[in-house]
Amino acid sequence: MGLWSTKSISLLQQEAAAEGQHTLKRALGALNLTTLGIGAIIGAGIFVLTGTAAAQYAGPAVVLSFVLAGVGCLFAGLCYAEFAAMIPIAGSAYTYGYATLGELIAWIIGWDLILEYLFGAATVAVGWAGYFASFLLELGLKLPLAYTQAPLSVEGTHTLVRSVLCIDPATNQAVSLAAGQVCDTSRYVLSHGVINVPAIILIGLMSTLLVIGIKESARFNNFIVFLKLAIVFLVIGFGFMFVKSANWHPFIPPNTTGEFGHFGWTGIVRAAGVVFFAYVGFDAVSTAAQEAKNPQRDMPIGILASLGICTVLYILMGLVMTGLAHYTDLNVPQPVFIAISKAPQLRWLGFFVNIGAIAGLASVVLVMLMGQPRIFFSMSRDGLLPSVFGKVHPRFQTPYVTTIVTGVVAAAVAGFFPIGLLGELVSIGTLLAFVIVCFGVMVLRYQRPNIPRPFRTPLVPVVPILGILICGYMMYGLPKDTWIRLIVWMAIGLVIYFLYGKKHSRIRGDVDTMAAAAAD
């Protein structure tokens with residue numbers, strides 16, 4: 001069997017049912033799982049990407065882009081829900097791959113998921129730092145620029161950057177850009193940063209909370225989620241009272257060869273690839289399967305409910321924002337703030353929008369930092385990583401070693417790397433995981449059709465195939481440089497696997513032992 005050895009479903013279910021101080025604590029219900037999903041999804045998508053995608057690519061039809069990206073995630077989410085209910089164990093797509101496609105593919109998924117969770121946490125932390133610094137500036141507190149940005153910059157055209165110094169070609173003077181503003185980095189970027197201290201502090205605080213306990217982390221996340229949902233509902237509810245329907249015409253702007261690309265249907269599809277980053281993280285719910293009280297029932301609820309709620313909110317926010325302000329005015333770091341400022345009666349919401357953005361991005365970091373340690377935890381239990389990664393705190397019953405390691409690495413990445421480089425890596429890593437999970441559902445349906453499935457993905461193989469096609473198409477649209485970075489990252493992972501993981505794999509050891517016994 002070798003590289004393609006699979007882990008039996010019955011063995012995985014036995015591991016999930018195990019109790020004791022060396023296992024994770026089951027403390028999460030359906031509501032906790034749903035809010036974890038919302039905590040991971042509602043963040044940069046609403047507070048940043050909606051305006052960018054509308055102004056640059058789709059106009060008011062950005063709502064259709066959210067629908068397209070949401071449908072792609074729905075197909076993947078249905079596949080995740082079947083696996084999560086059937087195999088309620090930490091590990092997410094890594095564990096599902098191990099059960100269906102073999103050890104090598106499982107390693108590739110596990111290594112790939114680092115791009116989603118660890119780099120995702122770093123990416124959002126960098127964005128949070130920009131909002132936090134801007135918010136303090138409004139209060140009269142100015143943080144030193146050198147300690148609120150990374151020392152490295154990314155070269156390329158129209159890269160989304162957090163806070164850099166750019167040279168104004170008209171005056172030849174250095175000007176500071178705010179969070180998320182666009183700078184032509186192929187010519188004008190001069191980064192004077194030393195280290196991004198706010199991003200590092202945020203990751204440190206969230207990691208500490210995760211070590212203390214999953215229940216405490218879930219309570220904190222619940223509070224943040226209810227806070228930002230209240231602010232989103234305020235914007236939607238009051239915003240619809242002041243929309244100008246003229247701003248929605250034309251709903252789909254005609255094709256143009258402008259600075260950023262095309263409108264029309266082409267623009268809608270391109271915007272779907274941009275806003276897909278907003279949905280990254282709903283699968284983080286599946287990493288908490290081993291900490292769910294009733295995973296067979298609650299995991300599908302958490303995954304699909306969070307995805308459905310957030311898709312509806314994104315669509316409504318897209319309508320409100322493009323109704324309050326013309327879409328051409330939304331290509332700014334804080335599009336929600338700009339949209340409500342168009343109606344003088346809504347300016348009182350500005351303070352709450354800033355609070356919502358800061359709280360929303362913080363909860364995304366929390367959930368991302370929760371997901372990665374549980375991937376490492378499962379890989380360690382299978383022997384693919386050193387046993388220290390599988391240690392559970394005797395008091396808190398959390399994977400504290402992997403949580404600390406993840407926090408330290410994520411803090412270093414957030415402190416020294418810019419957001420443009422990190423964001424593209426997160427998207428391609430997540431899309432690859434979605435594709436593999438969709439394929440895994442079809443494989444297991446064919447290989448083991450009689451396994452009890454508390455939740456069944458409908459219309460197999462149609463739903464998984466559509467998930468593969470849509471997510472694969474979004475991967476195809478990502479820049480060439482992103483693909484190169486993915487290939488290099490995977491090459492590094494394969495070297496580690498063949499030097500360590502392959503030799504220490506528990507399932508391969510069991511196979512070799514049985515083969516030797518048969519030979520005797």
Given side-chain contact (heavy atoms from CB on, under 4.5 Å), test L36 with M370 step by step and report yes or no. CA-CA 10 Å; L36 281 176; M370 180 203 73; 4.0 Å; yes

Please determine whether side-chain contact (heavy atoms from CB on, under 4.5 Å) holds for the pair F83 and V441, giving the CA-CA distance in whole Å, both sets of side-chain angles, and the decisive distance to 0.1 Å. CA-CA 8 Å; F83 272 131; V441 163; 3.4 Å; yes

Is there a side-chain contact (heavy atoms from CB on, under 4.5 Å) between T398 and L210? Walk through the geometry before answering. CA-CA 8 Å; T398 57; L210 287 166; over 6 Å; no

Would you check, one step at a time, whether the test side-chain contact (heavy atoms from CB on, under 4.5 Å) holds for D112 with M490? CA-CA 7 Å; D112 166 71; M490 288 302 171; 3.1 Å; yes

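Residues W107 and L385 form a side-chain contact, since some pair of their non-hydrogen atoms from C-beta on lies under 4.5 Å apart. Looking at T100 and I105, their side chains never come closer than 4.5 Å, going by heavy atoms from C-beta outward. For the pair Y96/I109, no side-chain contact is recorded, criterion being any heavy-atom separation below 4.5 Å from C-beta on. Using a 4.5 Å heavy-atom threshold, the side chains of M86 and L444 count as touching. Using a 4.5 Å cut-off on side-chain heavy atoms (C-beta onward), S505 and D382 make no contact. For the pair L494/I108, a side-chain contact is recorded, criterion being any heavy-atom separation below 4.5 Å from C-beta on. Counting heavy atoms from C-beta on, the side chains of Y117 and T406 never come closer than 4.5 Å. Residues F376 and I114 are in side-chain contact: their nearest non-hydrogen atoms beyond the backbone lie under 4.5 Å apart.
The shortest heavy-atom contact between W128 and A362 is CD1-N, 3.8 Å. Of all heavy-atom pairs between N221 and G39, the closest is OD1-CA, 3.8 Å. For the pair A85 and P300, the tightest heavy-atom approach, listed with the atom from each and the gap, is CB-CG, 3.8 Å. Here the shortest heavy-atom pairing between S363 and I224 reads CB-CG2, 3.4 Å. Closest of all the heavy-atom pairs between A125 and A199 is O-CB, 3.6 Å. Closest approach of F377 and G390 over heavy atoms only: CE1-O, 3.4 Å.
For residues 29-41, the set of pairs meeting the side chain to side chain donor-acceptor pair (under 3.5 Å) definition, not counting sequence neighbours, comprises T35-N222.
Distance alone, capped at 3.5 Å, is enough to place a donor-acceptor pair between the S65 side chain and the I268 backbone. Here the side chain of K228 pairs no donor or acceptor atom with the backbone of L361 at under 3.5 angstrom. Using a distance-only test at 3.5 Å, with no hydrogens or angles considered, no donor-acceptor pair links the side chain of S378 to the main chain of I375. A distance-only check finds a donor-acceptor pair linking the side chain of S380 to the backbone of P386 [under 3.5 Å]. Side chain of T403 to backbone of P399: a donor-acceptor contact under 3.5 angstrom is found. With hydrogens and angles disregarded, a donor-acceptor distance shorter than 3.5 Å links the side chain of W489 to the backbone of W111. At least one donor-acceptor pair under 3.5 Å links the side chain of T208 to the backbone N or O of G204. Panel note: side chain T457, backbone L78; a donor-acceptor pair is recorded below 3.5 Å. A donor-acceptor pair under 3.5 Å is formed between the side chain of S217 and the backbone N or O of L209. With R506 contributing its side chain and R381 its backbone, the two residues share a donor-acceptor pair below 3.5 Å.
The number of heavy atoms from other shown groups lying within 6.0 Å of CZ (F389) is above 12. Within a 6.0 Å sphere centred on CZ of F223, other residues, nucleotides and ligands contribute 12 heavy atoms or fewer. Within a 6.0 Å sphere centred on OH of Y446, other residues, nucleotides and ligands contribute 12 heavy atoms or fewer.
Residues that satisfy the side chain to side chain contact (heavy atoms under 4.5 Å, CB included) test with V71, not counting sequence neighbours, are V67, F75, I470.
Here the CD1-CZ distance, from I301 to F455, works out to 10.0 Å after rounding to the nearest 0.5 Å. Taking CG from L432 and CE from M475, the interatomic distance works out to 5.0 Å, rounded to the nearest 0.5 Å. Note that CG of L118 and CG of L113 are 11.5 Å apart. Values are rounded to the nearest 0.5 Å. Atom CZ of R395 is separated from atom CD of Q397 by 12.0 Å, given to the nearest 0.5 angstrom. The distance from the CE atom of M299 to the CG atom of L33 is 5.5 Å, given to the nearest 0.5 Å. Separation of atoms CG (L202) and CE (M206) is listed at 5.5 Å; rounding is to 0.5 Å.
Between Y400 and H393, the ring planes are perpendicular. Angles over 60° get that label, and only those under 30° would be called parallel. Between Y94 and Y98, the ring planes lie perpendicular to each other; the angle is over 60°, past the 30° to 60° tilted range.
Of the residues listed (V437, I468, I303), the one engaging C79 in a side-chain contact (heavy atoms from CB on, under 4.5 Å) is V437, and it is the only one.
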